[in-house]
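Shown next, in structure tokens, is the structure this report addresses.
A, B, ... follow the sequence lines: proteins, then strands. Residue 1 opens every chain. In this text, all values refer to a predicted model and were calculated from it rather than measured experimentally.
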4 protein chains.
Amino acid sequence: MTYRSSNRALEQKAERIFDPLFASAEISAVFSGKALMTRMLQFEWALAAALEKQGVIPQGVAAAIQAVTVDDLNIDEIAQRTADAGNLAIPFVAALTTCVAKERPELSGYVHYGATSQDVLDTSVILQFRDALTHIEDELGAICAELVSLVTRYKSTLLPGRTWLQQGPPVTLGLKLAGWLDALQRHRERAQQALARCCVLQFGGAVGTLAALGDSGPNVTREVARGLELPEPAMPWHTHRDRLAEIAATLGMICGTLGKIGRDMSLLMQSEVAEAFEPVAEGRGGSSTMPHKRNPVASSVLLAAAVRAPGLVATMLASMVQEHERGVGGWQAEWETLPELFRLIGGALRAARQVIGGVTVDAEAMLEHLKMHGGVALSEAVSFALAAKIGKARAHRLLEQVTREAGERGISLRNALLSSAEIMEHLSTDEIDSALDPARYLGSTDVYIAKVLAREGKG
Amino acid sequence: MTYRSSNRALEQKAERIFDPLFASAEISAVFSGKALMTRMLQFEWALAAALEKQGVIPQGVAAAIQAVTVDDLNIDEIAQRTADAGNLAIPFVAALTTCVAKERPELSGYVHYGATSQDVLDTSVILQFRDALTHIEDELGAICAELVSLVTRYKSTLLPGRTWLQQGPPVTLGLKLAGWLDALQRHRERAQQALARCCVLQFGGAVGTLAALGDSGPNVTREVARGLELPEPAMPWHTHRDRLAEIAATLGMICGTLGKIGRDMSLLMQSEVAEAFEPVAEGRGGSSTMPHKRNPVASSVLLAAAVRAPGLVATMLASMVQEHERGVGGWQAEWETLPELFRLIGGALRAARQVIGGVTVDAEAMLEHLKMHGGVALSEAVSFALAAKIGKARAHRLLEQVTREAGERGISLRNALLSSAEIMEHLSTDEIDSALDPARYLGSTDVYIAKVLAREGKG
Amino acid sequence: MTYRSSNRALEQKAERIFDPLFASAEISAVFSGKALMTRMLQFEWALAAALEKQGVIPQGVAAAIQAVTVDDLNIDEIAQRTADAGNLAIPFVAALTTCVAKERPELSGYVHYGATSQDVLDTSVILQFRDALTHIEDELGAICAELVSLVTRYKSTLLPGRTWLQQGPPVTLGLKLAGWLDALQRHRERAQQALARCCVLQFGGAVGTLAALGDSGPNVTREVARGLELPEPAMPWHTHRDRLAEIAATLGMICGTLGKIGRDMSLLMQSEVAEAFEPVAEGRGGSSTMPHKRNPVASSVLLAAAVRAPGLVATMLASMVQEHERGVGGWQAEWETLPELFRLIGGALRAARQVIGGVTVDAEAMLEHLKMHGGVALSEAVSFALAAKIGKARAHRLLEQVTREAGERGISLRNALLSSAEIMEHLSTDEIDSALDPARYLGSTDVYIAKVLAREGKG
Amino acid sequence: MTYRSSNRALEQKAERIFDPLFASAEISAVFSGKALMTRMLQFEWALAAALEKQGVIPQGVAAAIQAVTVDDLNIDEIAQRTADAGNLAIPFVAALTTCVAKERPELSGYVHYGATSQDVLDTSVILQFRDALTHIEDELGAICAELVSLVTRYKSTLLPGRTWLQQGPPVTLGLKLAGWLDALQRHRERAQQALARCCVLQFGGAVGTLAALGDSGPNVTREVARGLELPEPAMPWHTHRDRLAEIAATLGMICGTLGKIGRDMSLLMQSEVAEAFEPVAEGRGGSSTMPHKRNPVASSVLLAAAVRAPGLVATMLASMVQEHERGVGGWQAEWETLPELFRLIGGALRAARQVIGGVTVDAEAMLEHLKMHGGVALSEAVSFALAAKIGKARAHRLLEQVTREAGERGISLRNALLSSAEIMEHLSTDEIDSALDPARYLGSTDVYIAKVLAREGKG
């Protein structure tokens, strides 16, 4: 069992064994080889139908293509021939032509008529992106709906605000969640804009002029677009890839926000914080060696997606530099990159739904932490109460001093304040206690929550 | 003069010696230290004015702040203290407070009242981004206007379409330029959306609750926003940085398109192609050693920006994972990154204006290249003319064979066609000559150009 | 056949349909799910054997594990359970334990004894990386050997040097290829160093102390390392991922050089240059619509890998920030990223072998281009010949003037030189012709080639 | 004071106001404009000296160049002219030539003789990189030395190990610090290798043949290399940039480790953890609004560098694809990117020295956390004690159950264990207490520490 021999006889395809963790079934289905081939068949069918309608090719081609199903194609063989052809469309069109020729040999010459490889490939992935973006919108919608009820439920649940990972004045859990919701609402808007602006037909022929179609180009284009329910662009965009870059950037931004949610959750789940938790499930988040562990598994998926997405977005941006009418290298760099990004976001959205749909909260622990260090998190509140009397700068300096003394003497902030003659000169015990009450130091929290909920029609 | 000693006594600031090449004066001005401090002063002024109006602080603070100019601040010292404070706002506020205290000591305590460092820093950079995005929109507008006239001038200028860097059927220079214009039009739309969605006020106090302002938060916020002519967000966004990521992504996409323009130009300028050239100017693009050289200097700026932008966008996406109410590390990672991206795009837009404003074209060379290899680029045209007679597949195979023979025998495609009995059976000499006329093989070119120009109101 | 319905019943795994194009069979085999599970079995076997030898666990466990083969494991089920467990090792160990329990129930409790999930996963991927790096070294060696013969064959084949994509003085094809070889030699050295420094055992237990093994930790570690033929690190490195980052960076650098080779090849293959070509093969590089096309398919694979690798390397660097003893998010981000990089380099090396092993060269075209523009590429040579007489600056200025005049008058540089009184005052016709002979203007070319070949023992 | 007017009259250079925070004085000095010009002067001097020695140019040129100092050059003007020339070397050489011409007009024509712009620029930045890498090695050495004493001091200081941000079995602070040291030791090795392999002379003339020097190329090269104390490469490397990519990758890896240190520190400094702290200093880490705050300022610098470095490394990798003999775009993309990386690492190393040189530790808090949740972190220890009696699997399951019950009943793990009949059947109270003693559950900790210290000669 030495290592060099053990690979023998293992000449296997590299399965995607991490799909169940990092992807989602829905997105994987959209980007399967079968789904892509189905989209390609659909393009060729729509093209043939349009050409027939415009009288460019004889009747019957579209019907002959429609009779071919993805199961008639040998995906493995097509994939294999891609290595020589340089793109998937060439062996695909050859295989489709063979299928058509079996039934209608006289028509097989009209398959893919006037189109170039990139037309069928680009349009097919656009159709996949439309499916995937629609799914993402649905998922974002479901998460937002879940967040609306969480925000409402926890709108007054106090916990320490935390800046630079240090405790600050109080916030409510509802406010924290409203921040997540607020960002996701913007992402829904961006996803909709990306869908509208970017998911358009690609159809231009060899060099983007549709020269092979003579004067029929515009009419055929209109029909193909109609057949695929895709908007028609002003002109082909074979080497102008900003639309794909926009989709990638939109996904990357969503991953960033989901990563922030994962970071917050994993920090809240820390043993020493333990204020909120991912849902527990059988076999979920355990450790192979530590019986007491409850790992933030879903958060790790969110964080991993946020670590990986930026590099993939960068690749899509870098691949934009494509040569002349159709480029070399940049186009190829897209093929696996954007689907990979969709895969990551599919898994991250699934993980986010798990977290948000099943979060458990320890409100007592939150409150307890607000009292830590003798309420030192409220020092700002006292500072402002004092500032109203003696000016901000002097109040700030005084509080810094009292807070430091409290730390050094190991007493609570309240006791330190009460024992400071200078403080007591300006504030009464009641005023101090009022300032130290976190529930009274929430400022505009409720207003913000109401505004964010209002955008969901739930204000 | 050994190397280890030569650095002595050179303890200098790292000047930005490549600014004239890679940046633009306008963008550099927007992001200068003085401009940032001016924005910060403006925020503090607007804040004080709002607080006064709402009766939170005594009258006179805003006026006292307004009396301070950026020249009253020691930028070098503020920068130096930033190393200890961890952000620029703390020493800035301290310096401003000192200035105010000189004239109105009793009011100095109300400077920056209720705000946190991130409020003034974020809002100030948002003001810079607004300026910069406005400038970029202007530049894009100017480039698009220039492109409109170029597209019109060259709408019928023939040159080979090129795919995979191989000659294909003809296009016109107008179509190629229309492709650039089409992409830039989308970028203008994106830049406008980014400006509208992302350039909003940041104001939330220590943990995003404006707790220090009690019930006055919303009113003060409204006034600050009004004073800075900035939209008001639903809630503070201290750790939700999708807006900045969107700005970055928008810039990155523009850089991608500009890089594509630079790639196209540098390929057209190649000694062996020599179809179009960057403008010549005294001292421009020469070589230190080769007298005949005419280097694509502006293209190199476009390409360099396109190489550098993806990494910077990735950084902005990666920095989105910020902790709780205000993060550690991610926020800091933004400070130089987004300005750097603006700097690059400033220089790239300047270079693009140079190229597009002064491009010289050798239409004869373009036409000559269309005839290269005996017109082999038109083989598709012949193939389709033939396909109308004998079907696409057979026509394609036949043309492949004739084209190969032409290459092997070193004769023109026309001669090879005329000497092929099989071809002549289906096509007349006139039909062949017609198919080989590039001006007749432009398909939808004029329609596309008209559509793109129509969007500029110039169809 | 509307798009929304067509995905139904397609719930398929996302096959890797681009594997034949972008990856290589050898690398895919190393990273298949079966291969990974085999490595994991191997680790558990080596661990059990070591524990038995040290008397920590009863005899027989290793033998029981060795009796389990990868086919006894249900990979799909293990993958599925990973979604809940958060890592592959937990369901893997559970499945292995079940297998062992069937035969030796009393021993099953000693499977994975003392180790943590990350120990088995990290060590197993290290074993994969060792295999893959070894394969890459072999491939690099084969490419270098091929390059040695190409360099030798073409050492005196003249073609224009090209800077900024403009023709400059001559080089030889051998020199250009020697540059490729020189870089690849450095990469071999780096790959060897990465293999030696980075492919080491991971074994530390829950928090990197091997506490569960009491005093036996060091002895067991030594035995496990011996069993797997892996070097033993100074200490566990669960959250110190610089080794993986170094492997990634090494692969990224190789991709960069391969991308440069692809760029050079695709530029040389341009229709207007046509000096060197990728090998022709049946069904290779054709176009679906243009019969005459010969696409740089292998170059596109090289270029695509070079576009994609930087983002993946960046991800590996970004994932280095892992928390405390074992992190959350960063570790997960590695799992698919580094294998993906290996996949890309596997395909790129295959493509590079195709290009380098079968390149065809048109030496006449190269020579023809040297004479383009009337030999203007040799203007530097004339300039230096003249500089020896009248100083460099004056010579440079004079040549610039004559070159410009030659361009404007449409005559060759030679004729322009001969018709310049000022030139002829200092140079004879023979001297001019000598300067214009590219074979005499190669400077140190042969010395460089000899040095690079010498490193392969082929000087 | 409306925003659109406020930028007027601010046409300023963009100062690097964040230099004191993100960079270091030493690195900034190495990369100042003056330092670069000094290096360029040095190259031209060494070149002239070599040419004189080989009799290629007349005596006196080197002396004339040596008489020119950086203060004789107008850096701003040179920078300005770079925008037209496309690189810094052309206006630099022009300015130098003018200086030389003032004193020795007859020699000025021999300045920069035989070299190309890229020779002087590349070699000069290589000299800068050598300085900077040497500085980085020194800094790493100092940090390692500091870590050696910290590791020794805290080798037995107990704190919870933490995995997935959850408490696990104990480690010692010394072990955690030894992990940092172990990684930094590898980085020192990498930095040394990068320095040796990558910091070599660039000298090849226009297209990398040194044709202008005829047969003298090799001899001149040897002398220039000697003059600059730089190794001589096998051949010029104008478009083979793997050396620069390796330097970048090395810096990126170091930033990754420093980011991990920053993450650990900022997590330890959390209000709820508060086990270790960055050093306190006047004006350091305070908050503009929260008096009690103690922000992890140095950690934020470490983290920000780790967020930014990956994108910059990716840019260096992406820029490797350079065309033919000298490229367009890729070269330019390097100029600011690698210095920026050095800048970031300069600041990060400074921050790391602050943290490591002045860390304060609360060993009591660490011990306290080990006892949290009733010692649940030691559950693994009990599990293994039990496993020795009843097998690992059964023990693990039993402990999971007891741990969960302890949590639900709110009692300590010890009490839960003592009240479990099933546990007490196999373990005595003493055995339980022994298992729950963290100091007895450190496994190989001391061995690891000794190994790491041994590499510093401090075992």
- Message: Only heavy atoms, only distances under 4.5 angstrom. Which residues in residues 302-310 of chain A are near chain B?
- Response: A:Leu303, A:Ala306, A:Pro310
- State whether a side-chain donor-acceptor pair under 3.5 Å links A:Gln166 with B:Arg326. no
- Name the one of B:Lys176, B:Arg263, B:Gln167 that satisfies side chain to side chain donor-acceptor pair (under 3.5 Å) with A:His324? B:Lys176
- Query: So which of B:Glu189, B:Glu106, B:Met316 has the biggest tally of heavy-atom pairs under 4.5 Å with chain A?
  - Reply: B:Glu189
- Task: Would you mind checking which part of A:Val56 comes under 4.5 Å of any heavy atom in chain B, side chain (CB onward), backbone (N, CA, C, O), both or neither?
- Result: neither
- Is it the backbone or the side chain of A:Pro233 that comes under 4.5 Å from a heavy atom of chain B, or both, or neither? backbone
- Message: Suppose a student defines contact as a heavy atom less than 4.5 Å from any heavy atom of chain A. Which residues in residues 244-251 of chain B would they list?
- Response: B:Ala245, B:Glu246, B:Ala249
- Task: Mind ranking B:Val452, B:Val171, B:Thr97, B:Val313 by heavy-atom pairs under 4.5 Å with chain A and telling me who comes out on top?
- Result: B:Val171
- Where on A:Asp182 is there a heavy atom nearer than 4.5 Å to chain B: the side chain, the backbone, both, or neither? side chain
- Heaviest contributor of heavy-atom pairs below 4.5 Å to chain A, chosen from B:Asp446, B:Leu165, B:Ile57, B:Leu213, is B:Leu165
- Note on the structure: All heavy atoms of B:Pro218 vs all of A:Val447, minimum pair found to be CG-CG2, 3.8 Å
- Task: Heavy-atom distances under 4.5 Å only: say whether B:Arg243 touches chain A with side chain, backbone, both or neither.
- Result: both
- Given A:Glu323 and B:Lys260, is the salt bridge (Lys or Arg N to Asp or Glu O under 4.0 Å) satisfied, shown in steps? CA-CA 7 Å; A:Glu323 294 81 7; B:Lys260 186 261 190 294; over 6 Å; no
